[in-house]
Amino acid sequence: MSSQNVMLITGSRKGIGRRLVEYYTGKGWQVVGCSRKSAEDFKGYRHICLDVSDEKAVKDLFAMIRKEYGRLDVLVNNAGVASMNHSLLTSMETVQKVLNTNVVGTFLFCREAAKLMKKHKTGRIVNFSTVAVPLKLQGEAIYASSKAAVVSLTQVLAGEFAEYGITVNAIGPTPVKTDLINAVPDEKIADLLKQQIIGRLGTFDDIINVMDFFLNPASGFITGQVIYLGGVSG
Amino acid sequence: MNVIYDVIDDFNEEYSDYHLEKTPNTILFGPGRQLDSLGFVNLIVAVEERLCDETGQSLTLADEKAMSRQNSPFRTIATLSEYIQSRLEEQS
């Protein structure tokens, strides 16, 4: 059983998820992470290989957390896949993959996390949406739709979990320099940035700032909210 | 059945608003039930967790099959017990 705060981060092998692992283990959190591919464990961090949309694997992960850590304080649903393509050129395989990871995965982790958090009558869930939702970006029909679903999940689950003392919020980042946007042409990114009030790429520190706000013990009255970066309005 | 009775002991202690009797005919769901919808959710989640501890199997009891049955497997403690047994056999 852990006396330290325990956080679960999905999609923690690389990109923003990896940076979150480094940041929060550095702050003394016990962090459990997961992704489809393996990653090294280190002090304060344990990695589990799974597909976030595999219900059995997800339930087994939560059973492990319950038995070995005895608690879960924070869930960060960071795992996500993108698809940047015109809808007429988007395959069903891509549609399924994006919806499975971004919507099904987020839902499954929220559901199982709430079961564990409700025992202690406290918990924080932070989901990842995107500015592509309010900006209605062309070429991102499935990605933006899946992340719009994450916004709905956040708002509905905030209501359902409130009586358990669990807050559910979401962050809507602008593009950040990670693998997720590597394949997007520079001119597309430049066009997107022009639509933001503050026209620059997001940074990891921008995300951490919002994360820390949601996780702050004083933020217990903040739930069902989506904070978009770069001045984008929902 | 014992798993459900153990959960009911804990449940009655944790939620003083309820006093569920440990009998096969105790109604859990539908007309005549004592539990409100959130109480029912809490009970089923607690049963899933206890089953996982005792059998090592992670079941989601309220799945599509269960919810679409004409006779709800959640109606009484006896029907829930039978349903759990069948789900465990399916998985093994």
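Note that the structure is predicted; figures quoted are calculated from it, not measured. Chain letters run A, B, ... following the sequence lines, proteins first and then strands; every chain starts at 1.
Looking at A:Y69 and A:N5, their side chains never bring a donor and an acceptor atom within 3.5 Å of each other.
Between B:F40 and B:F29, the two ring planes are tilted [angle within 30° to 60°].
Of all the listed residues (B:V41, B:N42, B:V45), the one sharing the greatest number of non-hydrogen pairs under 4.5 Å with chain A is B:N42.
In this structure, chain B has no heavy atom under 4.5 Å from any part of A:E160. Residue contact with chain B, scored on non-hydrogen atoms closer than 4.5 Å, is absent for A:F62. Using a 4.5 Å cut-off between heavy atoms, B:E49 contacts chain A through both its backbone and its side chain.
More than 12 heavy-atom neighbours from other residues, nucleotides or ligands sit within 6.0 angstrom of CG on B:D17.
A salt bridge is absent between A:E163 and A:K118: the closest approach of a Lys/Arg side-chain nitrogen to an acidic carboxylate oxygen does not fall below 4.0 angstrom.
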